[in-house]
Amino acid sequence: MLLIANYEGRSGTNRAAEILASKENGLRAIIEGIKIVEANLDIHTVGMSSWPNILGELQLDAAVMDGTTRRTGAVGALRNFKHPVEVAYRIMTDIDHEILVGEGAERFAREIGAEIAKNETELSINTWHKHLNDVLTEEQKAKFPDVRLLDIKNKAVDPEKLFDTTVYLSIDHEARISSATSTSGWAWKYPGRLGDSPIIGAGSYADSRYGACACTHTGEMSIRAGTARSVVLYMKMGLSVADAVYEAARDLADLKTGYLDEVTIHAVDKSGNHKVIGLNSSEEIRYVIWQPGMEQPEIKVAEIVRL
Ligand code: GLY
């Protein structure tokens, strides 16, 4: 058994580890961990009280994958539900689609009785107002929101500091390998923007025959490189988990354009080995691990790879 989560997800890892240790389904374990992160008002990149899009709306993304069946569920640009990761799971279990977005996803969430929530908080709205105040011209302020949003987005401050995600990977007592993600995406994003978190193969992928991978930071990059699927495929082709992650990092670096720095790759193999690397990160990157023998999850430092 093994649990790997990124540092942003640390508030849910005790619960996820407890469920894994009690030999329950590993995908359900990581979903329950992520639900704690989604409800955590101190985390502003996942679930409630996250930084909204440029219109002040919180559009949330999430995905799950059961590596044994290779069924997935993903939800994009979901508004007004507390647990996008649970909605993603129900897409996997209740409908013959793999991804729902926007109004259709909201209709589905209502039909399954998902918990409704106003995810925008005073803090998230005040922070958005401050951002608008900083970036809008006086003319734009007078007309907002009837302005050309493209003009505002281009003034965003350092995009590499504007978002995170939570990602979890698990191997359970039946050797089922699972992945799950949840995020509010890129702060002040253009409405409708999806990052890698709801895109299976980009932000996450799990295959119980080989391993699993999940990425954080600028989703545009892992979408372009197909990072999570690549890592698992490299393991299928015989690379160790570390070499698979290094190879996927080289694929990312070869993109040359975009916000590459600080993309972080988390991966596990079917034997319970793992590797976490941060690309060109200027700061230390931490992650959480739990495996049998540990009383509780532990924080570790990822390798920084410079390419
Ligand atoms: N990795 C999260 C996102 O790009 O939305």
Side-chain angles (χ1 to χ4, degrees), residues 4-9 30 34 37-38 43-55 57-65 72 74-79 84-85 87-88 99 101-102 105 119 124 153 156-169 179-206 212-231 245 248-249 251-252 255 257-267 276-281 283 285-287 302:
I4 296 286
N6 70 325
Y7 190 67
E8 195 81 340
I30 57 180
I34 287 181
V37 188
E38 289 176 336
I43 297 291
H44 302 298
T45 59
V46 179
M48 300 185 86
S49 201
S50 297
W51 308 142
N53 69 15
I54 194 65
L55 294 176
E57 303 162 340
L58 255 173
Q59 295 185 322
L60 302 177
D61 307 330
V64 301
M65 183 162 187
T72 75
V75 67
L78 182 74
R79 293 199 63 203
V85 75
V87 177
I99 179 165
V101 301
N119 290 317
S124 67
K153 181 177 161 289
V157 289
D158 184 359
E160 288 176 3
K161 304 278 179 228
L162 281 176
F163 53 100
D164 209 334
T165 308
T166 193
V167 298
Y168 277 52
L169 303 173
S179 60
T181 67
S182 184
T183 189
S184 54
W186 190 326
W188 336 129
K189 64 192 174 186
Y190 199 95
R193 177 262 186 192
L194 300 183
D196 59 335
S197 302
I199 308 295
I200 293 290
S204 61
Y205 195 82
C213 176
C215 307
T216 58
H217 232 273
T218 317
E220 280 71 6
M221 308 310 287
S222 26
I223 290 172
R224 288 168 64 194
T227 302
R229 177 71 181 115
S230 295
V231 167
V245 166
D251 292 340
L252 281 162
L255 296 176
T257 57
Y259 300 105
L260 184 64
D261 294 353
E262 301 186 49
V263 171
T264 302
I265 307 175
H266 311 71
V276 181
I277 65 154
L279 225 49
N280 302 334
S281 180
E283 290 167 13
I285 293 180
R286 287 173 280 179
Y287 65 97

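For ligands, and for the atoms within them, numbers begin at 1 and follow the listed sequence. A quick note: this is a predicted structure, and the numbers were derived from the prediction, not measured. Each residue takes its place number in the sequence, starting with 1.
- Between Glu220 and ligand 1, a contact under 3.5 Å exists for no N or O pair.
- Test Thr183, Thr45, Thr165 against Glu8 for side-chain hydrogen bond (donor to acceptor under 3.5 Å, both in side chains) and you get one pass: Thr45.
- Thr227 has its side chain out of reach of Asp251: every pair of non-hydrogen atoms, C-beta onward, lies at least 4.5 Å apart.
- Ligand 1 places these atoms under 4.0 Å from at least one heavy atom of Asp196: 1 (N), 2 (C), 3 (C), 4 (O).
- Annotation for ligand 1: atoms under 4.0 Å from non-hydrogen atoms of Thr165 are 1 (N), 2 (C).
- Not one N or O on the side chain of His44 forms a donor-acceptor pair closer than 3.5 Å with the backbone of Trp51.
- Judged by distance alone, with hydrogens and angles left aside, the side-chain atoms of Thr264 form a donor-acceptor pair with the main-chain N or O of Glu262 at under 3.5 Å.
- Near Gly185, meaning under 4.0 Å from one of its heavy atoms, ligand 1 places the atoms 5 (O).
- For ligand 1 and Gly219, the ligand atoms under 4.0 Å from any heavy atom of the residue are 1 (N), 3 (C), 4 (O).
- Heavy-atom proximity to Gly195, at under 4.0 Å, picks out these atoms of ligand 1: 4 (O), 5 (O).
- Among residues two or more places apart in sequence or in another chain, the side chain to side chain donor-acceptor pair (under 3.5 Å) test is passed with Thr216 by none.
- For Arg193, the closest heavy-atom approach to ligand 1 falls below 4.0 Å.
- At least one donor-acceptor pair closer than 3.5 Å links the side chain of Asn6 to the backbone N or O of Val167.
- Atoms of ligand 1 lying under 4.0 Å from at least one heavy atom of Ser197, given by number and element, are 1 (N), 2 (C).
- Near His217, meaning under 4.0 Å from any of its heavy atoms, are these atoms of ligand 1: 1 (N), 2 (C), 3 (C), 4 (O).
- Between the side chain of Ser197 and the main chain of Gly203, no donor-acceptor pair closer than 3.5 Å is present.
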